[in-house]
Amino acid sequence: MAFFPKILLRSELESYLRNVFTNKELVAAVGGPEAENLFENLLKHLAHPPSFTTVRVNPLSTSIENVKSLLKEEIHKQFPGLNIPILQHPIVPDLLLIPVIGPRGKGIKMTEPVYLSPSFDNVLSGYIFLQNLPSAVVSHVLNPQPGERILDMCAAPGGKTTHIATLMEDQGEVIALDKIASKVEKIKQNASVLKLKCIKAFCFNSTKAVRDQNCPDEQGDGPPFFPESFDRILLDAPCSGMGQRPNMVCPFSLKELTSYQPLQRKLFSAAVELLRPGGTLVYSTCTVTLSENEEQVAWALKTFPCLKLQPQEPHVGGEGMMGAELPPDQLKLLQRFDPSRVEFCSVDTNHCSAQPSDTIPLANKDTIGFFIARFLKAR
């Protein structure tokens, strides 16, 4: 009997992460044994997929009810005889939840598919976009409005870019940047499939996105941009990706993992300069480290006095993690999706249908590891 293991890390990396999750602040609050238990729970969860597949609906093209009906037909084709419910998230209304059927923390034989999860490749193109729950929450937290000019600084493959454009009702301007040409083409492709016209994608390094005020305007609406030229900015920063699931093996060295913080700060500095006074900046990552999340917030608040942390809506994740010397009132304004905070359990599809109110809290917790902070730039 083979066992579904916890994620395999290099010893130096596991030691580093253990120190993160057993830091002095956290241990003082919850105790050493509980902190250690949360860390071990995290390692196990990272090797398993979340309990739900999540699908974002494009309401500019169709209705939620129509997509639910079409998805039920598709799931029935793939898994005849199985009753797999489709639930609409009550707080993130353009998101549908589909339970993943499979073992949770059990020993298994690797002789057949371990998890039953429908494949939606090339299914309902233009109507849906596969996107994990925290990534969908980010665009709602940004709260883009029709007619605004918005920058997505690290936009590939375009999931959040297209979501922003959809929430703006395709009215205004969404500038999407990425420094890899093939990824920019993917953004354009996704925008085309979803029939979104307000997105302009450019191949450009966002650390150099601020134009000198004395530079003549010779490049039209492309980068680099003049300071204070965007109403809202999303910085979904390059990161170590330590929150991605499922992940059986992480090949990173400690040096690689800790290399992201300086790059994130360069991007953040550019974002602050490009944001108009009174504008909103949302910073997010798909990792679980303090150095890329709460420590970056502490650095930003000290470095840029013009920035103030703001409440997030919707707020379906947990609060920020202790360890970066942020006070409790600021931690409550942060949103951390932490897989270590949920116990392993099998999803009862019949119970999902009968008691969706009991299912949503599990869907909110059992996600990829993710972090969101929302700032307002003072006038």
Side-chain angles (χ1 to χ4, degrees), residues 49-75 84-100 117-146 150 152 154-171 174 176 186-199 201 232 234 236 243-245 282 284 286 312-317 335 337 352 356 359-360 362-364 366-368 370 372:
S51 295
F52 293 83
T53 296
T54 48
V55 176
R56 175 168 61 81
V57 178
N58 179 9
L60 301 182
S61 297
T62 187
S63 68
I64 297 288
E65 289 305 316
N66 183 45
V67 169
K68 286 177 70 173
S69 176
L70 294 172
L71 286 178
K72 284 180 180 178
E73 293 178 10
E74 181 62 31
I75 292 171
I84 301 179
I86 301 173
L87 306 176
Q88 182 179 5
H89 198 288
I91 303 176
V92 190
D94 53 359
L95 203 66
L96 298 178
L97 309 171
I98 303 166
V100 174
S117 178
S119 171
F120 295 127
D121 289 344
N122 300 316
V123 173
L124 303 184
S125 295
Y127 286 179
I128 65 171
F129 196 97
L130 282 175
Q131 192 168 35
N132 60 69
L133 186 148
S135 294
V137 169
V138 167
S139 299
H140 284 282
V141 169
L142 185 66
N143 192 28
Q145 300 298 309
I150 295 178
D152 188 351
C154 305
K160 299 177 187 68
T161 306
T162 55
H163 195 189
I164 291 168
T166 301
L167 293 174
M168 295 169 64
E169 300 175 6
D170 204 20
Q171 299 174 32
V174 181
K186 185 65 176 176
I187 297 170
K188 293 178 179 179
Q189 178 185 343
N190 284 326
S192 176
V193 168
L194 294 170
K195 300 178 181 178
L196 297 167
K197 308 297 185 183
C198 73
I199 295 171
R232 300 174 198 263
L234 173 62
D236 185 48
Q244 294 290 2
R245 301 171 59 193
V282 171
S284 63
C286 59
Q312 299 184 35
E313 183 62 37
H315 198 300
V316 298
Q335 193 161 189
F337 293 84
C352 285
T359 304
I360 301 303
L362 174 61
N364 290 343
D366 195 6
T367 69
I368 67 168
F370 207 89
I372 310 173

Kindly indicate whether the side chain of [X], heavy atoms from C-beta on, has any atom under 4.5 Å from the side chain of [Y].
{"X": "Val137", "Y": "Phe370", "answer": "no"}
{"X": "Asn58", "Y": "Lys195", "answer": "no"}
{"X": "Lys160", "Y": "Gln131", "answer": "yes"}
{"X": "Phe52", "Y": "Leu362", "answer": "yes"}
{"X": "Pro85", "Y": "Pro99", "answer": "yes"}
{"X": "Val316", "Y": "Gln335", "answer": "yes"}
{"X": "Ser284", "Y": "Leu234", "answer": "yes"}
{"X": "Leu60", "Y": "Leu196", "answer": "yes"}

Nearest non-hydrogen partners of [X] and [Y], listed with the distance:
{"X": "Thr161", "Y": "Ala155", "result": "OG1-CB, 3.3 Å"}
{"X": "Ser61", "Y": "Gly126", "result": "OG-O, 3.3 Å"}
{"X": "Pro93", "Y": "Ile91", "result": "CD-O, 3.2 Å"}

[X] side chain vs [Y] backbone, donor-acceptor pair below 3.5 Å:
{"X": "Gln88", "Y": "Ile64", "answer": "no"}
{"X": "Gln244", "Y": "Cys286", "answer": "no"}
{"X": "Asp94", "Y": "Val57", "answer": "no"}

- Task: Report the C-alpha separation of Ser192 and Lys188 in whole Å, then their side-chain angles, then the decisive distance to 0.1 Å, and conclude whether the side-chain contact (heavy atoms from CB on, under 4.5 Å) test is met.
- Result: CA-CA 6 Å; Ser192 176; Lys188 293 178 179 179; over 6 Å; no

- Query: Any side-chain donor paired with an acceptor under 3.5 Å for Thr54 and Asn132?
  - Reply: no

- Item | Modelled atom types, side-chain donor and acceptor of Thr162 and Asn190, under 3.5 Å |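 The answer is no; no qualifying pair exists.
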
- Derivation of the side-chain contact (heavy atoms from CB on, under 4.5 Å) call for Ile372 and Val282: CA-CA 7 Å; Ile372 310 173; Val282 171; 3.9 Å; yes

- Please step through side-chain contact (heavy atoms from CB on, under 4.5 Å) for the pair Asn364 and Ile360, ending with a clear verdict. CA-CA 6 Å; Asn364 290 343; Ile360 301 303; 3.7 Å; yes

- Item | Lys72 NZ: over 12 foreign heavy atoms closer than 6.0 Å |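 Result for NZ/Lys72: open.
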
Quick one: [atom1] on [X] to [atom2] on [Y], what's the gap to the nearest 0.5 Å?
{"X": "Leu142", "Y": "Asp236", "atom1": "CG", "atom2": "CG", "result": "11.0 Å"}
{"X": "Ile368", "Y": "Ser135", "atom1": "CD1", "atom2": "OG", "result": "5.0 Å"}
{"X": "Ile75", "Y": "Lys68", "atom1": "CD1", "atom2": "NZ", "result": "11.0 Å"}
{"X": "Arg56", "Y": "Leu96", "atom1": "CZ", "atom2": "CG", "result": "11.5 Å"}
{"X": "His89", "Y": "Leu133", "atom1": "NE2", "atom2": "CG", "result": "5.0 Å"}
{"X": "Leu71", "Y": "Leu124", "atom1": "CG", "atom2": "CG", "result": "5.5 Å"}

- Item | Which residues share a side chain to side chain contact (heavy atoms under 4.5 Å, CB included) with Leu130, sequence neighbours left out |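 Scan of Leu130 (side chain to side chain contact (heavy atoms under 4.5 Å, CB included), adjacent residues dropped) gives Thr53, Val55, Phe120.
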
- Task: Sort out for me which residue in Asn143, Asp152, Ile164, Val174 forms a side-chain contact (heavy atoms from CB on, under 4.5 Å) with Arg232.
- Result: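 Among Asn143, Asp152, Ile164, Val174, the one meeting side-chain contact (heavy atoms from CB on, under 4.5 Å) with Arg232 is Asn143.
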
- Item | Intermediate values then yes/no, side-chain contact (heavy atoms from CB on, under 4.5 Å), Arg245 and Asp366 | CA-CA 10 Å; Arg245 301 171 59 193; Asp366 195 6; 2.7 Å; yes

